[in-house]
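In what follows, a single structure is set out as structure tokens and then discussed.
Residue indices begin at 1 and follow the sequence shown.
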Amino acid sequence: MTNNQLTKFVYPVVMISWSLSLLLVMAQRNDTVSVKVGAILDLSAGTVGKMGLSCINMSLTDLYLSHSHYKTRLQFIFKDSKRDIVTAAAQAVDLIKNEQVQAIMGPTTSMEATFVIGLGNKTQVPIVSFSATSPSLTSLQSPYFFQIAQDDSAQVKAICAVVQAFGWKDVVPIYVDNSYGEGVIPCLTNALQQAYIRIPYLSAISLSATDDAITKELYYLMTMQTRVFIVHMSPLLGSRFFTIASQIGMMSQGYVWFVTNSMANFFSSLSSSVMESMEGVLGVRPYIPRTKKLDDFKVRWKRKFVLDNPTLVDTNLNVFGIWAYDATTALAMAVEKVGATNFGFGVSNASSNNFDLEKFSIAKTGEKLREALSNTKFSGLGGEFNVVGGQLQASIFEIINVVGNGERKVGFWMPQKGLIRNVDTKGPNLYSTSKDNLGHILWPGDTYLIPKGWEIPTKGEKLKIGVPVKDSGGYTEFVKVTHDPSTYATEVTGFCIDVFKAVLEVLPYALPYEFIPFAKPNGEMAGTYNDLVNQVYYGRFDAVVGDITIIANRSKYVDFTLPYTESGVTMVVPVKDTRKKNAWAFLKPLTWDLWVTTACSFVFIGFVVWVLEHRINNNFRGPPLHQIGTSLWFSFSIMVFAHREKVVSNLGRFVVIIWVFVVLILVQSYTASLTSLLTVEQLHPTITDFQQLIKDKMNVGFLKGSFVYGMLKELGFQDDQLKVYYSAEECNELFTKGVANGGIAAAFDEVPYVKHFLGTYCSKYAMVEPKFKTGGFGFVFPKGSPLAADISRAILNVTQGEKMRTIENAWFRESNCMQSGTGISSTSSLGLESFWGLFLIAGIASLLALIIFATTFLYQHKHIWSCQNSSTSIRTRVGILLRIFNQRDLECHTFKKGEIGNKSEIYSPNHEIGEEPVETSPSAHCPPSPSTQTESNFSFYEDQGMFSPEHSDAAHSQDTEIIITHQ
């Protein structure tokens with residue numbers, strides 16, 4: 001059975017069953033009220049109108065079959081707009097004035113809807129559109145307009161998220177040149193700009209454009225670097241557009257095409273040839289959840305639509321048909337809420353004049369119907385039906401990829417989560433623009449390799465790169481332009497050129513280019529460096545390569561890459577030898593505070609050693625002056641490690657060991673500093689402050705054509721102070737002349753130039769602060785050029801590798817100067833801050849030894865403090881302890897031999913004066929009471945161990961008696 005035979009058989013059956021269903025509904029409720037509703041659809045040209053017609057009828061049938069108790073029935077009056085604005089307006093006037101409809105469905109297009117919306121607002125007749133999606137309709141602010149369709153502005157965030165996901169920075173929108181196309185452009189550009197995505201060009205194509213006009217525009221787009229295009233146009237125009245784009249090669253690898261829902265909604269209805277020409281295109285459209293109810297409806301709708309429109313067998317149900325179905329259901333439910341009241345029209349409040357349009361009446365139930373429609377909510381074919389502010393709420397968008405002559409879903413976009421792989425993905429509502437949340441995408445050219453979004457224009461021209469022209473000797477190591485008179489060829493070499501070539505080798509793609517010197521016909525540079533940079537802004541050069549410094553003023557007009565040299569402007573001045581050549585140079589290695597601290601430490605250490613050794617070491621005994629001299633001699637002789645006195649106590653040895661370590665470090669440091677001070681060349685800058693140059697009106701130099709001139713003027717230098725030099729040799733000559741002979745006292749230049757200059761004259765000049773910040777040398781590209789980012793990444797690879805060192809060694813001589821000071825050796829005096837830790841250790845060790853010695857000494861003679869005779873004063877007891885401290889400690893091993901051999905020898909006339917022993921028994925050291933005490937009994941203490949000739953015998957007898965008594 002053929003299709004025609006099948007149609008002839010099935011069509012009557014379907015019509016009969018549909019009529020019987022309708023009659024059954026009418027029979028169930030004979031008391032229903034019919035409410036007239038108009039529908040302005042495009043029934044002659046497009047498929048949307050015919051699709052809407054069938055969906056409206058099926059919606060009414062389904063609703064009233066399931067809600068037979070409704071007391072109202074919608075009676076649609078269909079009008080054909082014939083895709084004409086005037087016709088649509090006339091049909092709307094006829095429906096309101098003559099038919100007195102209570103609501104109007106449609107019109108189909110946004111342009112047709114503009115007048116109808118205004119008419120509905122005037123007559124309070126709700127206008128319900130299921131296919132007008134232009135954002136400009138909301139600007140009419142009509143409370144009687146219901147946009148039961150996704151506003152085109154809702155999709156721009158989804159499009160922007162996809163562009164962000166792949167890191168494309170430039171996008172060219174292509175739209176139909178009418179109010180529909182222009183309506184979405186402001187929303188799209190605003191969303192892209194907020195995401196820092198540049199729009200270098202807007203392409204508008206007329207709805208009536210010929211194939212030649214479209215081809216011409218596409219060829220122009222081919223000349224641009226941008227390869228990411230967003231297309232917003234009707235399916236009819238879009239089909240022609242992509243067919244031509246495929247024919248001229250713009251659907252090949254490297255291109256990115258993105259279509260809005262204006263075409264994505266009709267993918268299923270486009271011909272297979274058009275879909276094949278669009279392979280690799282991405283599209284976005286509202287997501288309609290797939291349910292059993294929807295699947296069943298699609299089967300029934302397809303059957304009915306084919307019967308009603310036998311010539312449109314390839315048409316499939318899309319979102320507009322679903323919205324028409326839900327909009328009809330919502331309108332019928334709203335009318336039922338209003339009830340079976342008087343749906344007539346009242347008298348117009350507008351003043352009458354010659355224009356018939358002013359004589360419209362106002363719908364009596366228009367306000368109630370508007371409120372009821374606004375509050376209608378239900379679960380429809382397209383999901384949850386909810387109208388807020390007259391607009392269907394934005395839902396999920398699905399991202400479609402055209403593959404072959406079909407389509408494939410690669411992801412979704414949600415307002416709260418951004419890009420997601422599946423709509424049922426659970427997790428926190430974190431907005432994402434990651435491409436990992438999208439499936440594999442087939443791009444134009446039958447490739448899965450993600451396009452970079454831009455390319456060098458395919459017009460056969462190389463990238464025009466401007467380079468500066470320097471005079472002979474003018475730092476030509478950076479950039480040098482030479483001309484071959486025999487071949488008329490131009491060769492560009494130099495450090496900056498080699499860096500640029502090394503960077504291009506790192507790029508993952510080829511970049512054809514040619515160097516164009518920025519020169520006059522006579523070979524001289526055609527302007528300043530600022531003029532050269534401006535050539536990129538004016539479009540005469542595609543880039544500039546050379547010793548171009550990144551500064552703020554230039555970055556306003558062009559984009560710079562990352563710097564590939566050290567940044568900053570610094571000052572160069574002559575240096576002088578400041579070695580000390582006077583008699584007191586030996587004091588210079590140490591600061592005065594260190595000298596004083598060291599001297600005090602020697603005295604203190606000598607005192608500590610004397611205290612620890614006095615009772616047990618004969619070397620530290622004798623007359624007071626002798627003991628003082630010995631202690632100081634011992635302490636200072638340690639400085640040269642020539643001390644001869646032996647230290648016998650462990651505490652004394654401990655202190656001496658610490659002090660020897662301190663002295664060793666001090667001596668070594670002093671020796672090294674003094675050697676450097678007297679032998680190493682001490683080069684110091686003649687000037688360290690540029691304010692001194694301004695105050696003394698000294699001349700300073702700068703390189704010709706450099707921006708440094710403007711910087712010096714801002715610092716306060718006068719024109720008569722500024723001297724221009726053209727090369728490093730000329731700068732050296734100006735320094736040699738001196739200020740008095742018209743030379744310069746300092747030169748200001750950029751760090752790369754200064755380093756090169758010091759590499760040649762490092763023994764004569766120095767780079768000193770201050771250092772004025774700049775961006776270093778960078779390559780120049782036009783504003784928004786994607787090349788700047790790629791080149792910057794390549795620069796990092798070059799500068800962080802060995803390649804950069806190789807290039808530097810090839811163009812710059814290796815300097816023998818010191819790394820930090822370019823030849824300046826500065827030996828400053830050593831200060832206390834470098835050694836206070838050593839003195840602290842020595843001081844703590846000495847104090848600790850003194851505390852241990854004092855504690856031990858007092859403990860050994862504690863009976864002096866525990867005497868029962870409380871009448872003895874503290875002063876007397878302290879005096880006794882001091883006299884005991886002044887005597888030898890006979891218990892010490894240093895005196896044991898003499899004591900064992902002949903104890904009486906201790907008191908012989910030949911013993912050392914002042915060494916009489918003092919009794920060690922408690923009773924002997926406990927002073928008698930004042931009543932029994934005699935002067936002779938304590939003559940020993942009063943003489944402090946020093947016997948006079950007349951008391952020698954008595955004292956000897958007294959001491960002997962005491963010893964015998966208490967032995």
- Message: Under the ring-ring contact (aromatic ring centres under 6.0 Å, His included) test against Phe242, which residue among Trp257, Phe267, Tyr255 passes?
- Response: Trp257
Reported [atom1]-to-[atom2] distance for the pair [X] and [Y], which is rounded to 0.5 angstrom:
X: Thr47; Y: Asn309; atom1: OG1; atom2: CG; result: 9.5 Å
X: Thr291; Y: Leu294; atom1: OG1; atom2: CG; result: 5.0 Å
X: Phe145; Y: Ile104; atom1: CZ; atom2: CD1; result: 12.0 Å
X: Phe320; Y: Met51; atom1: CZ; atom2: CE; result: 9.0 Å
X: Thr109; Y: Leu41; atom1: OG1; atom2: CG; result: 11.0 Å
X: Lys409; Y: Arg421; atom1: NZ; atom2: CZ; result: 11.0 Å

Report yes or no: does [X] contribute a side-chain atom to a donor-acceptor pair with the main-chain N or O of [Y] at less than 3.5 Å?
X: Lys302; Y: Thr315; value: yes
X: Thr210; Y: Ala213; value: yes
X: Thr226; Y: Val228; value: no
X: Asp326; Y: Gly380; value: no
X: Asn57; Y: Leu53; value: yes
X: Glu279; Y: Leu442; value: no
X: Ser785; Y: Phe781; value: no
X: Ser246; Y: Thr243; value: no

Do [X] and [Y] have side-chain atoms, one donor and one acceptor, less than 3.5 Å apart?
X: Asp152; Y: Thr133; result: yes
X: Asp151; Y: Ser153; result: yes
X: Gln391; Y: Thr138; result: no
X: Asp62; Y: Tyr325; result: yes
X: Asn316; Y: Ser269; result: no
X: Ser59; Y: Thr329; result: yes
X: Gln155; Y: Asn261; result: yes
X: Thr260; Y: Ser262; result: yes
X: Ser54; Y: Trp301; result: yes

Within the structure provided, determine whether [X] and [Y] are in side-chain contact (heavy-atom separation under 4.5 Å).
X: Ser203; Y: Tyr201; result: yes
X: Asp542; Y: Val536; result: no
X: Ile400; Y: Val410; result: no
X: Leu331; Y: Val37; result: yes
X: Ile214; Y: Leu237; result: yes
X: Phe258; Y: Val284; result: yes
X: Thr328; Y: Leu60; result: yes
X: Pro786; Y: Asp170; result: yes

Pair [X] + [Y], salt bridge at N-O below 4.0 Å:
X: Lys50; Y: Asp308; result: no
X: Lys216; Y: Asp212; result: no
X: Asp559; Y: Lys783; result: yes
X: Asp790; Y: Arg793; result: yes
X: Asp296; Y: Arg300; result: no
X: Glu398; Y: Arg285; result: yes

- Please step through side chain to side chain donor-acceptor pair (under 3.5 Å) for the pair Ser136 and Ser134, ending with a clear verdict. CA-CA 5 Å; Ser136 61; Ser134 175; 2.7 Å; yes
- Query: Should Trp413 and Ile396 be marked as a side chain to side chain contact (heavy atoms under 4.5 Å, CB included) after you check the CA-CA gap, both sets of side-chain angles, and the distance that decides it?
  - Reply: CA-CA 6 Å; Trp413 178 88; Ile396 304 172; 6.0 Å; no
- Message: If you count every heavy atom of other residues, nucleotides or ligands that lies below 6.0 Å from Lys157 atom NZ, does the total exceed 12?
- Response: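 Incorrect, the count does not exceed 12.
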- Heavy atoms of other groups near Asp314 CG, more than 12 under 6.0 Å: no
What are the two closest non-hydrogen atoms of [X] and [Y], and how far apart are they?
X: Ala149; Y: Ser131; result: CB-N, 4.4 Å
X: Gly238; Y: Met263; result: CA-SD, 3.5 Å
X: Met224; Y: Val172; result: CE-CG2, 4.1 Å
X: Ile197; Y: Gln164; result: CD1-CG, 4.0 Å
X: Pro444; Y: Gly280; result: CD-O, 3.4 Å
X: Gly254; Y: Arg227; result: O-CB, 3.4 Å

- Task: Run the numbers on Tyr431 and Met414 for side chain to side chain contact (heavy atoms under 4.5 Å, CB included), then give the verdict.
- Result: CA-CA 9 Å; Tyr431 194 86; Met414 294 181 65; over 6 Å; no
- Any chance the rings of Tyr287 and Phe412 have centres within less than 6.0 Å? yes
- Item | Pair Phe378 and Phe385, ring centroids less than 6.0 Å apart |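 Yes: the rings meet the under 6.0 Å criterion.
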- Task: Identify which one of Asn401, Ile450, Val281 satisfies the side chain to side chain contact (heavy atoms under 4.5 Å, CB included) criterion when paired with Trp443.
- Result: Ile450
- Would you please test Ile205 and Val176 for side chain to side chain contact (heavy atoms under 4.5 Å, CB included) and show each step? CA-CA 5 Å; Ile205 297 180; Val176 59; over 6 Å; no
- Task: Evaluate salt bridge (Lys or Arg N to Asp or Glu O under 4.0 Å) for Arg83 paired with Asp42, printing each intermediate quantity in order.
- Result: CA-CA 6 Å; Arg83 196 175 286 273; Asp42 180 14; 3.1 Å; yes
- Carefully, step by step, assess Val171 and Val256 under the rule side chain to side chain contact (heavy atoms under 4.5 Å, CB included). CA-CA 10 Å; Val171 171; Val256 177; over 6 Å; no
